[in-house]
Amino acid sequence: MPPRSTPPRAWQRMLSGRRLDLLDPSPLDVEIDDIAHGLARVARWNGQTHGDHAFSVAQHCVLVEELALRLEPALDPKFRLVVLLHDGPEYVIGDMISPFKAVVGGGYKAVEHRLEAAIHIRFGLPATVPEAIRTLTKRADHVSAYFEAVELAGFSAEEAARLFGRPKGFPERLNLTPWPVGEAQARFLERFHQLDRLAHPTDA
């Protein structure tokens with residue numbers, strides 16, 4: 001009789017001690033310190049950027065939140081927090097570049113959406129993001145991607161414009177410089193706590 005096979009492990013142990021189940025993530029196992037630690041160590045563009053340090057997802061998230069606020073100055077702090085956490089699931093699943101996402105297909109998105117919902121619930125945000133906020137986040141994300149592509153990833157302005165659109169109402173350059181890991185982690189955490197206090201003043 002063949003030995004019984006055990007199901008593959010679907011959880012990851014975090015430095016906080018939490019065990020996050022990728023197939024059924026619980027908000028109780030989500031910690032902001034784990035998110036900041038992970039995102040500061042995940043490289044955008046698969047690490048194919050100029051500079052002594054990788055351009056981390058943590059720095060990208062801070063930048064996208066800043067850009068979203070420039071696009072929508074009256075944006076509610078709760079939704080600024082949503083924008084800051086827009087790539088939160090990548091602390092577990094990494095930053096898969098768009099061409100590879102297209103190859104992998106729907107399974108990746110399903111895991112990503114479950115993680116996003118758990119993260120949002122953990123921090124008192126709507127599990128399902130309003131479409132207007134998703135659209136704003138995508139606009140800010142494309143602005144960020146354009147400048148990252150041109151200033152860090154070796155794209156020409158013409159190529160980046162074809163892929164992401166040329167941002168309107170922004171300077172020609174943002175003069176992006178990748179932060180060291182420790183700085184990226186600290187600045188992401190600082191922005192999170194600032195926005196969390198604004199979004200949930202009665203909890204402070």
Side-chain angles (χ1 to χ4, degrees), residues 14 16 18 20-22 24-42 44 55-96 98 101 106 108-148 164-165 167 169-170 174 179 184-204:
M14 302 298 169
S16 65
R18 299 288 189 183
L20 185 67
D21 188 330
L22 302 185
D24 186 22
S26 167
L28 297 176
D29 291 324
V30 174
E31 299 290 350
I32 192 58
D33 288 338
D34 291 333
I35 294 174
H37 183 96
L39 295 186
R41 289 159 175 79
V42 175
R44 293 270 293 169
F55 188 81
S56 70
V57 175
Q59 183 173 354
H60 165 78
C61 287
V62 171
L63 176 60
V64 171
E65 188 269 325
E66 291 174 353
L67 295 171
L69 192 62
R70 289 180 66 166
L71 292 168
E72 186 56 67
L75 187 62
D76 188 289
K78 174 176 66 176
F79 293 125
R80 290 175 63 187
L81 197 54
V82 167
V83 176
L84 181 72
L85 293 168
H86 78 281
D87 280 338
E90 293 180 7
Y91 88 106
V92 179
I93 56 180
D95 181 30
M96 191 178 294
S98 297
K101 286 181 183 179
Y108 174 89
K109 296 302 290 184
V111 172
E112 187 177 47
H113 286 152
R114 285 194 291 269
L115 286 165
E116 180 184 74
I119 290 169
H120 285 183
I121 292 169
R122 170 65 178 84
F123 300 120
L125 301 170
T128 302
V129 178
E131 193 56 38
I133 302 303
R134 282 211 182 274
T135 299
L136 174 64
T137 304
K138 189 169 291 187
R139 285 179 61 202
D141 196 50
H142 282 183
V143 173
S144 180
Y146 171 87
F147 285 111
E148 292 172 33
F164 309 112
F170 290 89
L174 297 182
W179 299 332
Q185 182 173 341
R187 291 176 72 162
F188 177 90
L189 269 177
E190 180 182 28
R191 182 62 57 85
F192 171 85
H193 288 303
Q194 288 172 346
L195 294 176
D196 189 47
R197 286 192 294 269
L198 291 172
H200 306 107
T202 57
D203 298 339

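Hydrogens, waters and symmetry mates are skipped; everything else that's a heavy atom, side chains included, is used.
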J.: Leu174 and Leu63: side-chain contact (heavy atoms from CB on, under 4.5 Å), yes or no, with the steps?
T.: CA-CA 10 Å; Leu174 297 182; Leu63 176 60; 4.2 Å; yes

J.: Please report the closest heavy-atom contact between Ala184 and Ala58, naming both atoms and the distance.
T.: O-CB, 3.9 Å

J.: Could you walk me through whether Tyr91 and Val57 satisfy the side-chain contact (heavy atoms from CB on, under 4.5 Å) test, starting with their C-alpha distance in whole Å, then the side-chain angles of each, then the deciding distance to 0.1 Å, before giving a yes or no?
T.: CA-CA 9 Å; Tyr91 88 106; Val57 175; over 6 Å; no

J.: Evaluate the side-chain proximity of Leu22 to Val92: yes if any heavy-atom separation is below 4.5 Å, no if none is.
T.: yes

J.: Kindly say whether the aromatic ring centers of Phe192 and Phe123 come within a distance under 6.0 Å.
T.: yes

J.: How long is the gap from CZ on Arg44 to CG on Asp87, to the nearest 0.5 Å?
T.: 6.5 Å

J.: Would you name the heavy atoms of Pro201 and Leu198 that are closest together and state the gap between them?
T.: CD-O, 3.4 Å

J.: Do the non-hydrogen side-chain atoms of His60 and Asp141 ever get within less than 4.5 Å of each other?
T.: yes

J.: Please examine the side chains of Phe147 and Phe170, heavy atoms only from C-beta on, and report whether any two atoms are closer than 4.5 Å.
T.: yes

J.: May I ask you to decide if Ala140's main-chain N or O and Ser144's side chain share a donor-acceptor pair within less than 3.5 Å?
T.: no

J.: Can you tell me if Arg70 uses its side chain to pair, donor with acceptor, with the backbone of Glu66 under 3.5 Å?
T.: no

J.: Is there side-chain contact between Met14 and Glu31, with at least one heavy-atom pair below 4.5 Å?
T.: no

J.: Do we see a donor-acceptor contact under 3.5 Å between the side chains of His200 and Asp196?
T.: yes

J.: How far does CG of Leu125 sit from CG of Leu85, to the nearest 0.5 angstrom?
T.: 6.5 Å

J.: What verdict does the side-chain contact (heavy atoms from CB on, under 4.5 Å) test give for Leu115 and Leu20, after you've listed the backbone C-alpha separation in whole Å, the side-chain angles of each residue and the deciding distance to 0.1 Å?
T.: CA-CA 9 Å; Leu115 286 165; Leu20 185 67; 3.8 Å; yes

J.: So, applying side-chain contact (heavy atoms from CB on, under 4.5 Å) with Glu112, which one of Arg114, Lys109, Glu116 is it?
T.: Lys109

J.: Can you confirm whether Gln194 sits close enough to Arg197 that some side-chain heavy atom of one is under 4.5 Å from a side-chain heavy atom of the other?
T.: yes

J.: Rounded to the nearest 0.5 Å, what's the gap from CD1 on Ile133 to CZ on Arg80? Could you check?
T.: 12.0 Å

J.: Supply the atom-to-atom distance His86 NE2 to His120 NE2, rounded to the nearest 0.5 angstrom.
T.: 10.5 Å

J.: Side chain of Asp34, backbone of Ser16: donor and acceptor closer than 3.5 Å?
T.: yes

J.: Hey, what do you get for CG (Leu136) to CG (Leu69), rounding to the nearest 0.5 Å?
T.: 9.5 Å

J.: To the nearest 0.5 Å, what is the distance between CD1 on Ile119 and CD1 on Ile35?
T.: 4.5 Å

